[in-house]
Amino acid sequence: MLRKALVLKDLEGIHARNSAKVAMACRDGRTLVTLEYKGETADGGNILEIMSLGAKYGEEIVVTAEGEREQEIVEEIERALNGALV
């Protein structure tokens, strides 16, 4: 299991585009991913749950991944949440 705290660097915070990129990174189904923000948890494969976290620029999100590709997926999620292409 891998847990990593990420600070949002995308000026828009969490929005539809980066939520979709996060969900796409989690699509293989071999790695369970959750995102945590202020006591709320979202399934990494669910765009609406990710968006409902409502995290803003400069705030911290904790990503937890457990499975075969956890390191790779956490890196993809970090890029997605910070405005880079996955």
Side-chain angles (χ1 to χ4, degrees):
M1 179 168 63
L2 176 64
R3 271 177 81 83
K4 185 171 183 179
L6 307 175
V7 175
L8 288 176
K9 297 177 185 170
D10 187 318
L11 294 176
E12 297 177 30
I14 287 187
H15 50 78
R17 186 173 46 253
N18 61 15
S19 296
K21 289 179 183 179
V22 169
M24 288 177 60
C26 301
R27 71 185 171 273
D28 77 351
R30 294 178 290 181
T31 304
L32 176 64
V33 179
T34 58
L35 286 80
E36 298 172 43
Y37 173 71
K38 292 188 176 181
E40 298 292 322
T41 303
D43 174 358
N46 187 314
I47 296 169
L48 293 177
E49 284 187 23
I50 297 166
M51 287 177 53
S52 73
L53 293 175
K56 307 289 183 215
Y57 170 79
E59 296 180 325
E60 184 177 276
I61 289 182
V62 177
V63 178
T64 305
E66 186 172 356
E68 295 177 23
R69 298 179 49 232
E70 55 194 35
Q71 180 68 40
E72 180 183 341
I73 289 176
V74 169
E75 289 171 2
E76 286 182 36
I77 290 171
E78 185 170 17
R79 288 191 301 271
L81 289 176
N82 290 319
L85 295 174
V86 175

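In this text, all values refer to a predicted model and were calculated from it rather than measured experimentally.
Between R27 and E76 there is no salt bridge, since no side-chain nitrogen of the basic residue lies less than 4.0 Å from a carboxylate oxygen of the acidic one.
Under the 4.5 Å side-chain criterion, counting only non-hydrogen atoms from C-beta, C26 is not in contact with D43. Residues I14 and V22 are not in side-chain contact: their nearest non-hydrogen atoms beyond the backbone lie 4.5 Å or more apart. By the 4.5 Å heavy-atom criterion applied to side chains, D10 and H15 are counted as neighbours.
Minimum interatomic distance between A55 and L8 (heavy atoms only, all atoms of both residues): CB-CD1, 3.4 Å. Here the shortest heavy-atom pairing between V74 and L2 reads CG2-CD2, 3.8 Å.
Note that CD of E75 and CZ of R69 are 10.5 Å apart. Values are rounded to the nearest 0.5 Å.
The environment of E60 atom CD is dense: over 12 non-hydrogen atoms of other residues, nucleotides or ligands sit within 6.0 angstrom.
At distances below 3.5 Å, not a single donor-acceptor pair connects side-chain atoms of T31 with backbone N or O atoms of A65. Using a distance-only test at 3.5 Å, with no hydrogens or angles considered, a donor-acceptor pair links the side chain of S52 to the main chain of E49.
Considering T34, L35, V62 in turn, T34 is the only one that fulfils the side chain to side chain contact (heavy atoms under 4.5 Å, CB included) rule with T41.
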Q.
Show, in sequence, the C-alpha distance, side-chain angles and deciding distance for E70 and K4, and conclude whether the side-chain contact (heavy atoms from CB on, under 4.5 Å) test is met.
A. CA-CA 11 Å; E70 55 194 35; K4 185 171 183 179; over 6 Å; no
